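Because the structure is predicted, anything quoted here is derived from the model rather than measured. In what follows, chains are A, B, ... by sequence order, proteins preceding strands, each numbered from 1.
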Protein chains: 2
Amino acid sequence: MSRSHIDVSALASEACPVSEVLDHVSGKWSIGILVAAAQGPVRFTELERSIKGISRRMLTLKLRKLERDGLLVRTVHPVVPPKVEYTLTEMARELHESLLGLTDWAKRHGTTVAAAQAAYDREHNR
Amino acid sequence: MSRSHIDVSALASEACPVSEVLDHVSGKWSIGILVAAAQGPVRFTELERSIKGISRRMLTLKLRKLERDGLLVRTVHPVVPPKVEYTLTEMARELHESLLGLTDWAKRHGTTVAAAQAAYDREHNR
DNA sequence: CTGGATCCGCAGAGATACTG
DNA sequence: CAGTATCTCTGCGGATCCAG
């Protein structure tokens, strides 16, 4: 079949889980949380401080979402003051590996992208 | 130095291009477009049909964005009716490779994630 | 065929204050 | 320390109409 018959339907629809991965990974913060938690068990406040700019609300929401997706394990230590640690599951660690491919790409082409944007703007705006 | 001093600041802030990659890749449609265009030059209408559910507006916006980022090349053929083709740049093709890692992960763990969500919901809502 | 322009609703995300 | 509860604002994204 010729390349006119590209079938992305399986990608964009429910059939293919690709879009859903991005749903987990997408959003401003999920990736940051994943990467931060990849180093080992992390406490709530550590995350809050590490990920500059995130609000408590967003951190909580994203944490819950990742936990629900089975990417994060939430461990509550029954002590005072409260101590909660978040750890990546094995599955999430694999995801983190794949993510590394993206971060690597970003490092290699970050400046090129910026340049492309500048060029585009120069050509279209003024 | 203990792992208390995780520094994701360089990731969440402007310094690290990781967040920005996700900015390009994130959003409901960018990935789909990238994957669809990876097979070769694609026309606007082909994309519109391939990516089920996308609106014309969104397709245009995302296309512009990807073009601006230097990931897509837009070629206008001066004929009637108009014919425009979109092609991935070399840079984008590399990105597409990395994306494959993600899609692979998704295929391997898609069901597991779904199960985790179901379990989580059972335990919390019911 | 390939868009641009406009209107509008909704979810994501920030700020702030309160609690076990 | 680790959240929860509101309240609000912004921007994404859909629908529709217009145009080269």
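K62(B) comes within 4.0 angstrom of sugar-phosphate atoms only, judged by non-hydrogen atoms across all strands, and of no base. Residue P81(B) is classed as a sugar-phosphate contact, given heavy-atom separations below 4.0 Å to backbone atoms only. Counting any heavy atom pair closer than 4.0 Å across all strands shown, T60(A) reaches a base atom.
As rounded to whole Å, 14 Å separates atom P of dC1(C) from atom CD of E85(B). Note: CG (L61(A)) to P (dA15(C)) measures 15 Å, nearest angstrom. Per the geometry, CZ belonging to R49(A) stands 16 Å off C1' belonging to dG3(D), to the nearest Å. Spacing between atom CE of M58(A) and atom P of dA5(D) amounts to 14 Å, rounded to whole angstrom units. Remark: C1' of dC1(D) and CZ of F44(A) are 9 Å apart, rounded to the nearest angstrom. Here the C1' atom of nucleotide dC1(C) and the CG atom of L59(B) are 13 Å apart, to the nearest Å. Whole-Å rounding puts the E48(A) CD to dA2(D) P distance at 9 Å. Summarising the geometry, the separation between CH2 on W29(A) and P on dA13(C) is reported as 9 Å, rounded to the nearest angstrom.
At a threshold of 4.5 Å between side-chain heavy atoms, the hydrophobic network of Ile, Leu, Val, Met, Phe, Trp and Tyr places M91(B) and V35(B) in one connected group.
Between atom CZ of residue R68(A) and atom CG of residue D121(B) there is a gap of 4.0 Å, rounded to the nearest 0.5 Å.
Phosphate proximity of dA2(D) to T45(A): present, with a side-chain N or O under 4.0 Å from OP1 or OP2. In terms of phosphate contacts, R56(B) brings no side-chain nitrogen or oxygen within less than 4.0 Å of OP1 or OP2 of dG14(D). OP1 or OP2 of dG3(D) has at least one side-chain nitrogen or oxygen of Y86(A) nearer than 4.0 Å. Here R43(B) reaches the OP1 or OP2 of dT2(C): one of its side-chain N or O atoms lies under 4.0 Å away.
For the salt bridge (Lys or Arg N to Asp or Glu O under 4.0 Å) criterion with E48(B), the lone passing option out of R43(B), R56(B), K62(B) is R56(B). Considering T75(B), L63(B), V76(B) in turn, V76(B) is the only one that fulfils the side chain to side chain contact (heavy atoms under 4.5 Å, CB included) rule with V84(B).
Of the residues near DNA chain D, L63(A) and R57(A), the one whose nearest nucleotide (by heavy atom distance) lies more toward the 5' end is L63(A). Sequence order on DNA chain C of the closest nucleotides to I54(A) and P82(A) puts I54(A) first from the 5' end.
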(request) Assess whether side-chain contact (heavy atoms from CB on, under 4.5 Å) is satisfied between L72(A) and T89(A), documenting all intermediate values. (result) CA-CA 6 Å; L72(A) 241 43; T89(A) 59; over 6 Å; no

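Closest contact between the side chain of R74(B) and the listed nucleotides dG14(D), dG3(C), dA13(C) involves dG3(C).
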